[in-house]
Structure formats: structure tokens, C-alpha cells
Number of protein chains: 2
Amino acid sequence: MEFKNVTIQDIAETANVSKSTVSRVINNSTPVAEKKRKAVLAAMDKLNFQPNIFARGLAGGQSMTIGIVTQNIGSPFYDSVAQGIISALRDSVYAPVFVDGEWKSEVEEEVIGTLLGRHVDGLIVVGGSLSEEKLVQLSKQKPIIVVARQLEELSDQCVFIDNFEAAYQATRFLIDAGHENIAHLTGIRRHQDATRRFKGYCQALTDANIELNPDLVIEGNFSGQSGVMGVESLLMRGHSFTAIFTANDEMAYGARLALYRKGIRVPEDISIIGFDDQPNSAFITPPLTTVRQPALEMGQAAAKALVGMLAEGEYEISPLKADLVIRESVSRRR
Amino acid sequence: MEFKNVTIQDIAETANVSKSTVSRVINNSTPVAEKKRKAVLAAMDKLNFQPNIFARGLAGGQSMTIGIVTQNIGSPFYDSVAQGIISALRDSVYAPVFVDGEWKSEVEEEVIGTLLGRHVDGLIVVGGSLSEEKLVQLSKQKPIIVVARQLEELSDQCVFIDNFEAAYQATRFLIDAGHENIAHLTGIRRHQDATRRFKGYCQALTDANIELNPDLVIEGNFSGQSGVMGVESLLMRGHSFTAIFTANDEMAYGARLALYRKGIRVPEDISIIGFDDQPNSAFITPPLTTVRQPALEMGQAAAKALVGMLAEGEYEISPLKADLVIRESVSRRR
DNA sequence: TTATACCCTGAAAACGGTTTCAAAAAAACG
DNA sequence: CGTTTTTTTGAAACCGTTTTCAGGGTATAA
């Protein structure tokens, strides 16, 4: 599966040129006479040359490695992003090193440190809670792409969808279906996504001349458990409502379960709409109406952008958007 | 966040010794006089020395990197394993490089090649379909741990749970609850796990003097969709059954959905038991009774074993076992 | 006291590339 | 055809470690 090491020197000898020339054709750094170039290429092919990554790195070249900072791997959304990154990187020359920031800025800073210590050529930061300031500073040191976060100063290096807009659409969908008393189970407050989704919800209500009822808004933490607790306290408070918009799908599952326990039917009695469209959402009962975030595509877009940055200095991030996927958890009211 | 590079030479000068001595204290390779040792340590601390990983690698040392071959990232089970690996590696000196084998042996071979090209110090292969033979051969080249697969010749380097036994227990649970006509939705045939689970199911039936009815066994592919299709064909075939054992949780979700669509109640009319206990399973309706695979722990065990192998040449894999988690999707019969 | 080990230590040689520098070759010019 | 300019090329230095090798000390033995 692997051979003894063929070095640049071996190539040089086989092709009857100097090491320097070989290096030049490999990197296309300096023009080389066509004849020699061919000879080198042939030799490389014949001996099955693979450059030693350490030597390259040492000599001030690239590490051919990119660092990925994820949070809380194990959450479906972030997993899909990771998968997108890995797949897009497979046919590049870069390999991904993963570290976990655990949604804690200190941890995040530390793991970024180890990445930097490994001389990664670039960074992809997925979510996280590191301050914008630090991220900006970091971006001056290394090429960086930020996924699932929207930074003022670095907006052209961010891959994200418009959470405000998406939440607005979701809420709007409920309103259009005749719902007026719409509860919202939020995500963790300090997550940017959560607050944006909350704002979208508020705005949709306002635009429809529905007054926001604070009692119908419950703070959760993106977990299934917080979904069941959210519904339980909603029910306890006694305000009537006919629909729930949750900040992610897992909370929607929890909400659905809590309702099930009380014998409340979905969607006949209460409608639910989630956010993310994780794979399971099509298979729960009833299949969940939700907002699809193109997680895989976001990962791919990020990876491609970074590779572009690294290779050419040019890159482009194709705009991605969330869209509503309508299944069976929302009923028309009246 | 990062400084100019402090080299071993700087340390040497500060501590008034030679580079060689510094290297020796770093690696503990040769005894060094206590006084000098202290001086070096102090200097390293003062200058905040971080060894250059490329130089180390080049000089024939370690790359301090371990390669992880996963399959089909995005499946909850494999994601959790990956998470376990990452977390266990965080407080080691190694960083993980991930590649995806896509459950195709050619792809797997290729990506292992790139890992080898990067001189990883060790390998963790999670699942996959590479032949046992190749894996064994690989294990002679590099330290390797295999997760979620059971290899004859390498059994002491494998982290896995007893799928046969676990499936036996699950089926047994159904039998004990009074079920006799028990259907099984299998996973992909060529996956070792799938066939072991199938065999466990068969054995439990046999031991209970229940004849295996081939019409109640349907081949699926681990996806939710195959779960719904499985139940649909089961229903079409017309043989009555009162319980279903699916090869994983996602198929259980699918099965449950198909039943829901037909107006068949779970668990009153038909019971379901899954396999994996992915996080969502506690929140579907009804909460799913299933076999819990300690995925996270498996990842951690693998990482720790590999680190042990690398560091000391010694390692130990603590035995992990699956266990039944009883929730609400199985009813007592009669 | 001198010879014999043994333990520490520094100098120097790898490791396999990239890059600088100056020389050689080729091309352009007068 | 000689001179100048430009393009190609090889030699050598360098990147930051580890490791080999041999020399210097010190302690032990004779």
C-alpha cells in the first residue's frame, strides 16, 4: 500500500537535473525548459513520487492541512456541516484536522491555539462563541472562513443563512394558516442564531398585527428535553395557543412528546413547526414541517471558498438560503 | 494569540546548553544532569516554547497526528463515535485528521493512502468495508484500532459490542412480553453488524421454540425510508405480527411512521424495538425502546487505546456492552 | 597514581524539501 | 561578431528537530 520513500533527489537523478529544478516544476514557481520539465514529470510518474509533507512544511511551504473548529459535534446540524467540509476537501490537496470548541470561548481559543501550533494553512470555524473581535484578529493571521455565524466585519468570509428571514417565513406560514396565538420556544440566548430566529418571529407577528405575548415565549436550550419542558410550562401558564414555533427540530420533538403525553393531538389541536430539517424530521409522527438549513452545502461552500482563498487568493461564496419544507405537523385553523 | 517562533536553539542559548541537550530533556531520551535539566525546563517555560511539528516529523520523529477513517459521517452512531475520539484526543498530544471512506472499499483504500502519505502515527478505522486481510496487513505497518467491527485476527485491537448478544436480548425482551410473531427489518446485508443482529434475532426465536418465518424478515438499508418500506411490504404480505425489531433506530422511526399512516397504534397494536439509542429516540412518540450502543464511549476507548499503544506500547480496551433501554414502544401481549 | 568504565554532553550529520544567489546559456541588440 | 540583456540552471544555505558519534568528566578499580 505504501513504498519506501522516493525523494526529490531521486527524481533529480533519474531526470538528470538538479533538485532545484525538480522543485520548480513541482511548484510551478519558475519557468523550466520544456524538455527538462517533461523529463521531471516522467520521472515523478515513474517513481511514484509523493512529496514529504514535513519537509515542505519545514521549508516554509504549506502544511496542506486546514483546521476545523466545530462545536459540540454530535448535533445533527454541525455534523452535516462537517460532512460537507470533509467531502469537499476530499478532492483537494488539503486534509482537515478537527477540534471541538465545546461552545465555550476559552476552549475555543485554546484549540485554535493548537491548530495554529500545527501551522494549518487555513481555518474554518463553525459556529462558536469566540468574540467577533478575536475572530477578526485571527483573520489577519490566517485565511479563515466562518460558518453558521454572521460577522459584521467579516461578512464576506461567512457562510450563513438568514435566520431572521427564515424564522419570519416559518412564523408567517403559521399565521397564514390561521394561527394567532403562536408560542415560541427559543434556543440558547447567547447563540446568535437563537436571537435572530426570535426576532424573525417577533417581526412576523408585528407585521400581522398580532401583539407579542411574552407568556408564549419560553427560553430553551436547543435540546429535546427543553422542548418538553417548554410545552409543560406553556400549558401550566394557561394561556391558550394553537401553534408552536421551536428554534430547532430537536426541541420540536420534545414539544411533540409533551403534547402526546397530555393527549393533545398534533396537528389537529396544536401545530408545530421546527427549524433545521434534520434527517429524522421526515420520519417522526406526524412528519415535521420545518425550515431546512442546507447544512451539507454550507460545509461544502466553506471548504471550497477556503481552498480558493488558499490557492488563488480569490474565492466566492455562493449564497445559500433556507427554505420551508412543508410536511404534516401544521394544520389550517378555522 | 501566537508568537514568533521560539526554536530549540533559543532555548539552548538561554539555558546555556547545546541543542542536543534540549532535545534530550524534551524527549526524555537520555539522562541529563539535573541542573541542566532544570535550566532547560525553565527556559522553555519562560520563552513559551512549542516544538515545530514539521521539524520533528522530518527528523524521523512522530507527526503527532492520528488518522480517523469514518464512514458516511452524518449517521448519528458514527458521529458519536467521532465525537468520542475527538474528546479523548483533546487532552493528548495527538490531533485527529478525518477522512471519509463512504462505505466503499476502494474509497477507503484511497483515503487510507492519503493518511499514510501524511505519516500519521496511528489509525482508527470506524466501521467500513475494507477486507479483513488488508486491515491485517495495514496493522503491521502502523498501530491501528478498529471500531464497530470485529476482526478475527485482530480482535484485541477492536472496539465493538456484541451485536449478536444485543439483538438476542432485544428479541428476547419481545418474546418475554408475550410476542410470538415478531418481524425483523434488517440492515444492509454486507454490513457485519446487520448480519450479527439478524443472527441474534434468529437464535432468540429458536431458543423460545418459535419457528422463524422468512416472510417476517425484510432486508432494509438502515435508512428511515427503508423502515417505512419494510412495514409496507410486511403489511402487504398479510402475515400477522405484533412486534417489529429493526436493525437501527432510524428504521424504527420509519416503521413507526408507516404504521401511523395506516392508523395502527404503537404500542397497543404493534410493538417496536430499535437499535442504537440515538439521542432523538427518547423524544419520538412513543419514546422508543431500544438497544443502547455506547457510541461515545467506544470512540473514547479507541482513542485511549491507540494513544496507549503509541506511547507505551501497552494498551487496554475496557469491555463495552450494549444494554436495553426500556421506554414505551413495547407493550405486553395478552 | 594510573587505567578502565561509565555517564554526560556538544558537534555535526541527517531528514527532504524551498529559496536565494550567482553562474551559464541563450537571446537580443548594435 | 562582440556586447548586453534575459532566461535557465545548479550549488548551497536554510527550515527546526532528532540522532549518531566521539570526546570529556567523574567515579571505580587496579
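Nothing here was measured: the structure is a model prediction, and the numbers come from that model. In what follows, chains are A, B, ... by sequence order, proteins preceding strands, each numbered from 1.
Checking each of B:D10, B:L41, B:V40 against B:V22 for a side-chain contact (heavy atoms from CB on, under 4.5 Å) leaves exactly one that passes, namely B:V40. Of the residues B:L130, B:I124, B:V125, B:V126, the one that meets the side-chain contact (heavy atoms from CB on, under 4.5 Å) test with B:V69 is B:V125. None of B:E152, B:Q192, B:Q150 except one satisfies the side-chain contact (heavy atoms from CB on, under 4.5 Å) rule with B:E132; the exception is B:E152.
What separates CG of A:L58 from C1' of D:dC14 is a distance of 9 Å, to the nearest Å. Atom CZ of B:F54 is separated from atom P of D:dC15 by 16 Å (rounded to the nearest Å). Computed from coordinates, the B:Q9 CD to D:dC15 P distance equals 10 Å when rounded to whole Å. Per the geometry, CZ belonging to B:F49 stands 7 Å off P belonging to D:dT18, to the nearest Å. Between A:N16 atom CG and D:dG10 atom P there is a gap of 9 Å when expressed in whole angstrom units. In this entry the distance linking NZ of A:K36 with C1' of C:dA25 reads 10 Å, nearest Å. Summarising the geometry, the separation between CE on A:M64 and P on C:dG17 is reported as 13 Å, rounded to the nearest angstrom. Taking atom CG of B:D10 as the reference point, atom P of D:dC15 lies 11 Å away to the nearest angstrom.
With C:dT9, D:dG10, C:dG16 as the candidates, the nucleotide lying closest to the side chain of A:T7 is C:dG16. For A:A59, whose side chain is taken as the heavy atoms from C-beta onward, the closest listed nucleotide among C:dG10, C:dG17, D:dG10 is C:dG17. Of the candidate nucleotides D:dG16, D:dG10, C:dT9, D:dG16 has the atom nearest to the side chain of B:N52.
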### Task
Evaluate the side-chain contact (heavy atoms from CB on, under 4.5 Å) criterion for residues B:V81 and B:V159: first the C-alpha distance (whole Å), next the side-chain angles of each, then the deciding distance (0.1 Å), finally the verdict.
CA-CA 11 Å; B:V81 173; B:V159 175; over 6 Å; no

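Between the side chains of B:Q137 and B:Q141, no donor-acceptor pair of N or O atoms lies under 3.5 Å.
Ring orientation note: the planes of B:H191 and B:F222 are tilted relative to one another, at an angle of 30° to 60°. Using cut-offs of 30° and 60° for the angle between ring planes, the A:F54 and B:F54 rings count as tilted.
When each of B:A33 and A:I8 is assigned the nucleotide of DNA chain C with its nearest heavy atom, B:A33 is the one assigned upstream, toward the 5' end.
Between the two ends of the helix from C:dT1-D:dA30 to C:dG30-D:dC1, each summarised by a five-pair axis, the helix axis turns through 50° (rounded to 10 degrees).
Taking a 6.0 Å sphere around CD of A:E34, one finds it holds more than 12 heavy atoms contributed by other residues, nucleotides or ligands.
Listed by residue number, A:S20, A:T21, A:R24 are the residues of residues 19-29 of chain A with a heavy-atom contact under 4.0 Å to DNA chain D.
Scored by the salt bridge (charged side-chain N to carboxylate O under 4.0 Å, His left out) test, B:R90 finds A:E102, A:E110 as partners (sequence neighbours excluded).
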